[in-house]
Amino acid sequence: MRETRTRFAPSPTGYMHIGNLRTALYTYLIAKHDGGKFILRIEDTDQKRYVEDAVDVIYNTLNKVGLKHDEGPDVGGDYGPYVQSERRNIYREYAEKLVELDGAYYCFCSRERLDDLRQQAEGDRITFQYDGYCKSLSKEEVQEKLHAGEPHTIRQRIPKTGKTTFEDAVYGTITVENSELDEGVLLKTDGLPTYNFANVVDDNLMGITHVIRGSEYLSSAPKYNLIYGAFGWNIPTYVHLPLIMKEGGRKLSKREGDASFEDFYEKGYLPEAIINYIALLGWSPGTEQEFFTLDELVEQFDIKGLSKSPAVFDVNKLRWMNGEYIRKMDLEDFHESALPYYKKYISSADVDLSLLSKLLHTRVDALEDIGDHVDFIEALPQYDIDLFIHKRMKTTHGNALASLKKAYEVLADLEDWGDEAVHKVLFDTIKEMGIKNGQMLWPIRTALSGKPSSPGGGTDLLVLLGRKESLKRIKTGIKKLGIIK
RNA sequence: GGCCCCUUGGUCAAGUGGUUAAGACACCGCCCUUUCACGGCGGUAUCAGGGGUUCGAGUCCCCUAGGGGUCACCA
């Protein structure tokens, strides 16, 4: 039995969105589950769409998520080159061979003629298909034009009658009428192949056993089969993947600014969480397990678990899962990850960042959330005194003021500002005053944060902000409340 | 519009002729509580519709409807 070889073949046209990444993931998993090889091939046959740094984005992304390729432009391999623009001679050679095999023919039609044809078809409200004009050219005529250096393409020759059938591992048997198939361009005027041709030639030459790609290729797959057939090549196992849709119900696209891996990464989503989440978008292990490491996915992935219907990308669930990953981190690791965000939002305030991390650890789903949680630290926000009123805490303007005054009094004298000492003096005072915990702590929390919610209660914030800042803010609260008295 | 594919709750989904139709996110409620979050417990909510086949259908067949994909010298 042949070794399983799969390939991820992106075109370097910009960022990698979630759909591409998932295709890469499944492609990797299928190879690795079988102990096979995962190959990276760059499909840059369209110079017009080429984006300078896009190849690096691909390397970086795969690297970050841990999808290590066995062969590729940067790591080499026995089937190179792995960049299609470096293989142009190969395609020409095979395209000409296909002409000889009667699977293709030269076409000298101008763009103008094709545009006219297309317009006419549109006017007649029928699907455009090339009319086969150049098929009637004799061998001599073709030779003559070639010698004269006329610009030309090579088109696939497709029988007008009959049907073509192919097997897909996910979608089963699919059959189409040959008459539905357009005789598309295989080799462009610039000498480079179109995707339709390049993928077939390369997949064959590179010994690819499983062709994994989005289901948008489902309807053109029969054409590829015809090419394999004309060459007499082995047809690979096709694995077409259901598309990932955005909430409105359209497929994810970079154009419309949809979810790219980079975006999420920059917002503080963990690569492992992203991988875990997208692994489950269109695939189910059939068990109730929902948290997977990459290795576990490799172990458990099975084509049988792939779904046929499109899946909607739910940011909400990604957020939750990312939060779960964050909560599972060691506190020290979380602290390390959070540090850059602290730097961004807290520059002058002198606070214990380790303590802050402890408070934030269960409150953050994506690292970018940190910003909203710490915005009160550097400067007390403006707030309305009605914030002191909390029904369940049983607080009013009046008792909040009393609590704050008393708190100020006892705290001002406190030597030790440690967590335990602060806690003790406050709770002793609460006991002494005979009030509910919340009646003391809610006003403090509110005065210190100026926000309806904060990453910690009264004592937490006191310790976090330190004696000087805390007392200052309590005083501010007293002043605010004093006015209405 | 032609062709291809798809259709279990708002979302991800299990299910392969006989189940009280799992589980997760979200949502709601309760508990915990020093706000929020975390955590714990519970709840609302799904087989697109119509015909068959069958003792029996979410599961098989047909039709309808809806959705998606594709119709480039882009991939």
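Here is how names work: the chains are called A, B, and so on, in the same order as the sequence lines, proteins then strands, and each is numbered from 1.
- Side-chain proximity of Ala311(A) to the nucleotides C12(B), C6(B), A75(B) is greatest for C12(B).
- Neither side chain, Asn276(A) nor Glu290(A), offers a donor N or O lying under 3.5 Å from an acceptor on the other.
- Heavy atoms from other residues, nucleotides or ligands lying under 6.0 Å from CZ of Phe291(A) number more than 12.
- Met393(A) comes within 4.0 angstrom of the backbone, heavy atoms only, and of no base.
- Nearest nucleotide to the side chain of Val176(A), out of C3(B), G39(B), G68(B): C3(B).
- Counting any heavy atom pair closer than 4.0 Å across all strands shown, Arg392(A) reaches a base atom.
- The same atom, P, is picked in U44(B) and in C6(B); the two are 34 Å apart, to the nearest Å.
- As judged by a 4.0 angstrom heavy-atom cut-off over every strand, Leu318(A) is placed among residues making no nucleic acid contact.
- Taken to the nearest 0.5 Å, the OG atom of Ser11(A) stands 9.5 Å off from the CD atom of Gln84(A).
- The side chain of Ser219(A) lies closest to G69(B) when the candidates are G10(B), C38(B), G69(B).
- The interatomic distance linking Asp314(A) (CG) with G9(B) (P) rounds to 15 Å, in whole Å.
- Counted by atom type alone, Gln300(A) and Gln289(A) present one or more donor-acceptor pairs between their side chains at under 3.5 Å.
- Nucleotides G67(B) and U8(B) are separated by 15 Å at their C1' atoms, to the nearest Å.
- Both Ile126(A) and Glu216(A) lie close to RNA chain B; mapped to their nearest nucleotides by heavy-atom distance, the more 5′-ward contact belongs to Ile126(A).
- With a 3.5 Å ceiling on both atom-pair distances, the Watson-Crick or G-U wobble partner of C27(B) is G43(B).
- Distance check on atom C1': A14(B) versus G58(B) gives 12 Å, rounded to whole Å.
- Within the structure, every side-chain polar atom (N or O) of Lys188(A) is placed at least 4.0 Å from both OP1 and OP2 of A72(B).
- Remark: A21(B) base-pairs with no nucleotide in the shown strands. Criterion, Watson-Crick or G-U wobble with two distances under 3.5 Å.
- What separates CG of Leu186(A) from P of C74(B) is a distance of 12 Å, to the nearest Å.
- His390(A) has its NE2 atom 11 Å from the C1' atom of U33(B), to the nearest Å.
- Look at the C1' atom in both G43(B) and A26(B): the space between them is 14 Å, to the nearest Å.
- In the model, Tyr105(A) has a side-chain atom that pairs as donor or acceptor with a side-chain atom of Glu183(A) under 3.5 Å.
- Here C73(B) sits opposite no nucleotide as a Watson-Crick or G-U wobble pair (both hydrogen-bonding atom distances under 3.5 Å).
- Contact annotation: side chain of Thr459(A) to base of U34(B), donor-acceptor pair present below 3.5 Å.
- Distance noted for atom P between U59(B) and A48(B): 8 Å (whole Å).
- Of the C1' atoms belonging to U7(B) and C47(B), the separation is 10 Å, rounded to the nearest Å.
- The CG atom of Asn437(A) sits 10 Å away from the P atom of U33(B) (whole-angstrom rounding).
- On the C1' atoms, A13(B) is 8 Å away from G23(B), given to the nearest whole Å.
- Tested against Tyr238(A) for a side-chain contact (heavy atoms from CB on, under 4.5 Å), the candidates Ile174(A), Asn225(A), Ile212(A) yield a single pass: Asn225(A).
- For Leu306(A) and A14(B), the CG to P distance is 10 Å, given to the nearest whole Å.
- Aromatic ring centroids of Trp283(A) and Tyr26(A) lie 6.0 Å or more apart.
- Nucleic acid contact class of Phe427(A) (heavy atoms, under 4.0 Å, all strands): base.
- If you check every strand for non-hydrogen atoms under 4.0 Å, Arg445(A) touches a base.
- Among the atoms of the strands shown, none is found under 4.0 Å from any heavy atom of Thr287(A).
- Glu43(A) comes within contact range of the sugar-phosphate backbone alone, with a heavy-atom separation under 4.0 Å but no base atom that close.
- Between the P atoms of G9(B) and G49(B), the separation comes to 10 Å (whole Å).
- A13(B) atom C1' lies 16 Å from atom CG of Asn316(A), rounded to whole Å.
- Among the atoms of the strands shown, none is found under 4.0 Å from any heavy atom of Lys451(A).
- Side-chain atoms of His240(A) and Arg213(A) form a donor-acceptor pair, as typed in the model, at a separation below 3.5 Å.
- When distances are taken from the side chain of Ile174(A) to each of C5(B), C3(B), A75(B), the shortest belongs to C5(B).
- Comparing Asp46(A) and Asp460(A) by the nucleotide of RNA chain B that holds the closest heavy atom to each, the one mapping nearer the 5' end is Asp460(A).
- The nearest whole Å value for the distance from the CG atom in Leu117(A) to the P atom in A72(B) is 12 Å.
- Phe313(A) comes within contact range of no nucleotide atom at all, as no heavy-atom separation falls under 4.0 Å.
- Contacts of Gln47(A) with the nucleic acid, taken as non-hydrogen atoms under 4.0 Å apart, are absent.
- Shown here is Lys358(A), whose NZ atom has no more than 12 heavy atoms of other residues, nucleotides or ligands within 6.0 Å.
- Base engagement by His423(A) is indicated by at least one non-hydrogen atom pair under 4.0 Å involving a base atom.
- Between the side chain of Ser215(A) and the base of C5(B) there is no donor-acceptor pair of N/O atoms closer than 3.5 Å.
- Residue Thr194(A) is classed as a sugar-phosphate contact, given heavy-atom separations below 4.0 Å to backbone atoms only.
- No engagement by Gly323(A) is indicated, since no non-hydrogen atom pair under 4.0 Å with the nucleic acid exists.
- Of the candidates C12(B), G39(B), U35(B), the closest approach to any side-chain atom of Lys317(A) belongs to C12(B).
- Comparing A75(B), C6(B), G68(B) against the side chain of Leu243(A) picks out G68(B) as the nearest.
- The side chain of Arg49(A) contributes no N or O atom lying less than 4.0 Å from OP1 or OP2 of C73(B).
- Among the protein residues, Ser284(A) comes within range of the sugar-phosphate backbone only, with heavy atoms under 4.0 Å from sugar or phosphate atoms but none that close to a base.
- Distances shown here put a side-chain N or O of Lys308(A) below 4.0 Å from the OP1 or OP2 atom of C6(B).
- Nearest nucleotide to the Arg155(A) side chain, out of C25(B), A75(B), C73(B): C73(B).
- The base of G1(B) sits with one of its N or O atoms less than 3.5 Å from a complementary donor or acceptor on the side chain of Thr127(A).
- Contact annotation: Arg118(A) reaches the phosphate of A72(B) (side-chain N/O to OP1 or OP2, under 4.0 Å).
- The interatomic distance linking Asn196(A) (CG) with C71(B) (P) rounds to 9 Å, in whole Å.
- Residue-environment remark: NZ (Lys135(A)) exceeds the threshold of 12 foreign heavy atoms within 6.0 Å.
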